[in-house]
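Written below as structure tokens is the structure these notes are about.
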Amino acid sequence: MALSSRALLLLLLGPAGGLALACAVRSRGAASRPAGLEVEVRSCYVGSGACRACHPRLFEAWSRSLHSTMERIADSSSVVGDFGGRTLAFEDGARAEMSAREGRFFVRTNDATGRVAEYRVLRTIGHVFKQRYVTENGDGNEYVLPVQWNVRGARWDAYPGPTEPFAPAKGSWASPANAWERNCAGCHVTGLEVAVEGPLFRERYVELGLGCESCHGPGRAHVESPETPGLAVHPARLSFERQVDLCARCHSRGEAGPAEGAPGEGFHYPCAFLPGEALAARFRIVEPEIGKKTKHFWPDGASSSHHQQAHDFRRDPHFTKGGMVCTSCHDPHQRARYGGLREDPRDNSLCLDCHTRRREDLTSHTHHRADSRGSVCIDCHMPRLVENGNPFELRSHTRWRPDPAKAMALGMPDACTLCHKDRTQAWAASLVNSWKFGEPTTDPGIRYPAAPK
């Protein structure tokens with residue numbers, strides 16, 4: 001299981017030898033990685049605390065970000081769910097009972113054999129829209145319990161869903177196929193190293209949450225020689241494709257196998273990915289079937305499931321034609337606004353700073369009053385099409401022009417009638433057509449950068 005943060009930090013700060021060179025070479029990307037350095041490189045993490053002395057402002061801002069708190073030790077400061085004796089009944093007849101004693105949190109529910117047992121909550125995952133809980137079941141692995149707290153609904157829901165709390169296709173929630181190490185770890189901790197020993201997973205990591213080194217690469221060489229250029233990855237200096245890959249490592253849905261650096265098949269994150277690499281070299285990304293509604297996509301290819309922002313953005317003309325990147329709108333070093341947005345999206349600043357001619361007469365473009373919701377750029381171009389803890393909770397990242405006629409033909413929701421709930425899609429289609437916007441700006445295909453040769 002994971003080493004304690006103190007023990008692992010002592011391990012990582014051991015004799016340098018050739019490790020600094022390995023870190024420096026590895027952080028520049030897969031193309032320059034010498035063979036046989038994987039183990040050494042994975043030991044080159046030092047933790048975000050090592051960055052604080054030289055980068056105090058950025059460190060303090062990061063420490064308040066959602067990334068830094070993505071996974072935490074379960075205690076009274078991190079647990080947001082109601083553990084005051086609440087009970088959740090699953091559709092298959094099983095139950096879960098949530099309770100707390102002496103500052104510890106527990107879920108009593110069915111195990112892999114159907115036997116009822118009590119599990120202590122070790123860590124929390126998330127806390128804004130929903131919160132999930134990590135436990136052990138005695139087999140040496142860690143698992144996400146089959147319940148999640150719905151923050152906005154203030155209720156307990158089954159996890160992963162109301163009809164499949166125990167993921168029957170993969171066995172019980174406490175089966176190795178559903179282990180935290182296989183499904184979650186890579187996007188919730190920093191400096192992960194994991195190995196498979198039969199049904200058991202052995203992992204270690206530097207810190208919980210996404211730390212500085214998640215985006216800037218292993219930091220030991222940089223900490224030891226801060227004046228030497230190139231020892232840490234500066235994301236803004238990467239190509240726009242590699243910048244998006246850096247965020248897409250966790251904001252994409254897919255699978256990695258041994259050929260991509262995972263220790264086995266079925267890992268749902270890019271195990272060996274490091275900043276500056278091509279994600280396609282590490283991860284097989286799930287793609288939509290255009291014209292068909294699938295589990296994670298609408299028929300037009302837009303995402304219907306969470307943590308898929310990069311899927312949408314890769315189809316966004318802002319990326320495909322304009323070279324825009326995630327940090328054009330988001331600042332990972334601040335949390336003044338949700339998601340680290342650089343400006344308040346409700347006043348259109350993020351959009352109108354570039355689309356300046358729209359600022360002159362917004363109403364002529366939107367056909368709504370300038371001070372109404374219909375003139376807020378993101379409500380038309382980034383509608384809430386994505387399920388998270390609740391349906392239609394997150395925004396699409398395609399930024400396409402609303403096309404209710406196409407949505408009606410495909411049998412999916414559209415931006416107009418998500419707002420005008422008392423109107424039909426036929427009404428919306430007729431109205432939008434009368435505005436004569438021209439052809440919608442949707443990109444017909446998905447643009448995934450190719451892996452380096």
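Every heavy atom of this structure was used, including side-chain atoms; hydrogens, water molecules and symmetry mates were not. Numbers here simply count residues along the sequence, with the first being 1.
- Here the closest heavy-atom approach between residue P299 and residue K293 is recorded as CG-N, 3.8 Å.
- In this structure a side-chain-to-backbone donor-acceptor pair under 3.5 Å is present from S364 to D361.
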For this session: Test salt bridge (charged side-chain N to carboxylate O under 4.0 Å, His left out) on R359 and D353 and set out the steps.
Result: CA-CA 9 Å; R359 192 186 295 274; D353 283 351; 3.3 Å; yes
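- Atom NE2 of H333 is surrounded by more than 12 heavy atoms from other residues, nucleotides or ligands within 6.0 Å.
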Exercise. Does the side chain to side chain donor-acceptor pair (under 3.5 Å) test come out yes or no for D316 and T398, once each step is laid out?
Worked result: CA-CA 5 Å; D316 178 2; T398 59; over 6 Å; no
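- Between Y269 and F267, the two ring planes are perpendicular [angle over 60°; tilted spans 30° to 60°].
- Here the closest heavy-atom approach between residue V244 and residue F313 is recorded as CG2-CE2, 3.7 Å.
- The side-chain heavy atoms of H67 and S65, taken from C-beta on, include a pair separated by under 4.5 Å.
- Across all their heavy atoms, P413 and L385 have their closest contact at CG-CD2, 3.8 Å.
- A heavy-atom distance below 4.5 Å is not found between the side chains of V386 and Q308.
- Note on D312 versus R314: no salt bridge recorded, every NZ/NE/NH1/NH2 to OD/OE distance being 4.0 Å or above.
- With hydrogens and angles disregarded, a donor-acceptor distance shorter than 3.5 Å links the side chain of T190 to the backbone of G211.
- Put simply, the residue from Q243, H318, H330 that forms a side chain to side chain contact (heavy atoms under 4.5 Å, CB included) with V325 is Q243.
- More than 12 heavy-atom neighbours from other residues, nucleotides or ligands sit within 6.0 angstrom of CZ on R342.
- T135 and E142 are not linked by any side-chain donor-acceptor pair at a separation below 3.5 angstrom, with hydrogens and angles left out of the test.
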Problem set entry | Step-by-step side chain to side chain donor-acceptor pair (under 3.5 Å) determination, T69 to H127 | CA-CA 8 Å; T69 57; H127 58 88; 2.9 Å; yes
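- Inspection of the S63 and S68 side chains reveals no N or O donor paired with an N or O acceptor under 3.5 Å.
- F283 and F273 have their aromatic ring centers separated by at least 6.0 angstrom.
- Counting only heavy atoms from C-beta outward, the side chains of L274 and R282 never approach each other to under 4.5 Å.
- In this structure, P275 and V233 approach most closely via the heavy-atom pair O-CG2, 3.7 Å.
- With a 4.5 Å cut-off on side-chain heavy atoms, K292 and F297 do not count as touching.
- Contact record, D414 with A407: CB-CB, 3.6 Å, taken as the closest heavy-atom pair.
- Between W173 and Y143, the ring planes lie perpendicular to each other; the angle is over 60°, past the 30° to 60° tilted range.
- Annotation: the span from K295 atom NZ to S305 atom OG amounts to 7.5 Å, rounded to 0.5 Å.
- Of the candidates R395, H368, R384, D379 forms a side-chain hydrogen bond (donor to acceptor under 3.5 Å, both in side chains) with just one, namely R395.
- With S328 contributing its side chain and M324 its backbone, the two residues share no donor-acceptor pair below 3.5 Å.
- With salt bridges taken as basic N to acidic carboxylate O contacts below 4.0 Å, none links R346 and D344.
- Every residue two or more places apart in sequence or in another chain that forms a side chain to side chain donor-acceptor pair (under 3.5 Å) with Q131 is listed here: Y133.
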For this session: Kindly determine whether E71 and T124 satisfy side chain to side chain donor-acceptor pair (under 3.5 Å), including the steps that lead there.
Result: CA-CA 5 Å; E71 185 156 339; T124 64; over 6 Å; no
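- Between L362 atom CG and L352 atom CG the span is 6.0 Å, to the nearest 0.5 Å.
- With rounding to the nearest 0.5 angstrom, the SG atom of C380 is 12.5 Å from the CE atom of M382.
- The minimum heavy-atom distance linking L231 with S225 is given by the pair CD1-O, 3.6 Å.
- With hydrogens and angles left out, the side-chain atoms of N178 and S175 include no donor and acceptor closer than 3.5 Å.
- Proximity of the aromatic rings of F83 and W149 is defined here by a centroid distance below 6.0 angstrom, and this criterion is not met.
- With values rounded to the nearest 0.5 angstrom, C212 atom SG is found 8.0 Å from H55 atom NE2.
- Without hydrogens or angle criteria, Q148 side chain to W156 main chain gives no donor-acceptor distance under 3.5 Å.
- Evaluation of the salt bridge (charged side-chain N to carboxylate O under 4.0 Å, His left out) test over residues 57-68, restricted to residues two or more places apart or in two chains, returns R52-E60.
- Panel note: side chain N388, backbone P391; no donor-acceptor pair is recorded below 3.5 Å.
- Ring geometry, F319 versus F240: the interplanar angle exceeds 60°, so the pair is classed perpendicular (tilted spans 30 to 60°).
- In this structure, E265 pairs ionically with R284, as a charged nitrogen and a carboxylate oxygen lie closer than 4.0 Å.
- The backbone N or O of A177 lies less than 3.5 Å from a partner atom in the side chain of N183, making a donor-acceptor pair.
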Problem set entry | Derivation and outcome, side chain to side chain donor-acceptor pair (under 3.5 Å), residues N390 and N150 | CA-CA 8 Å; N390 300 290; N150 187 307; 2.9 Å; yes
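- Distance alone, capped at 3.5 Å, places no donor-acceptor pair between the W400 side chain and the A302 backbone.
- Looking only at distances, no side-chain donor or acceptor of E387 sits under 3.5 Å from a matching main-chain atom of S304.
- Rounding to the nearest 0.5 Å gives a distance of 4.5 Å between OG of S349 and CD of E343.
- Remark: the backbone N or O of L350 is not paired with any side-chain donor or acceptor of H355 at under 3.5 angstrom.
- Listed for the D82 side chain is no donor-acceptor partner under 3.5 Å among the backbone atoms of M98.
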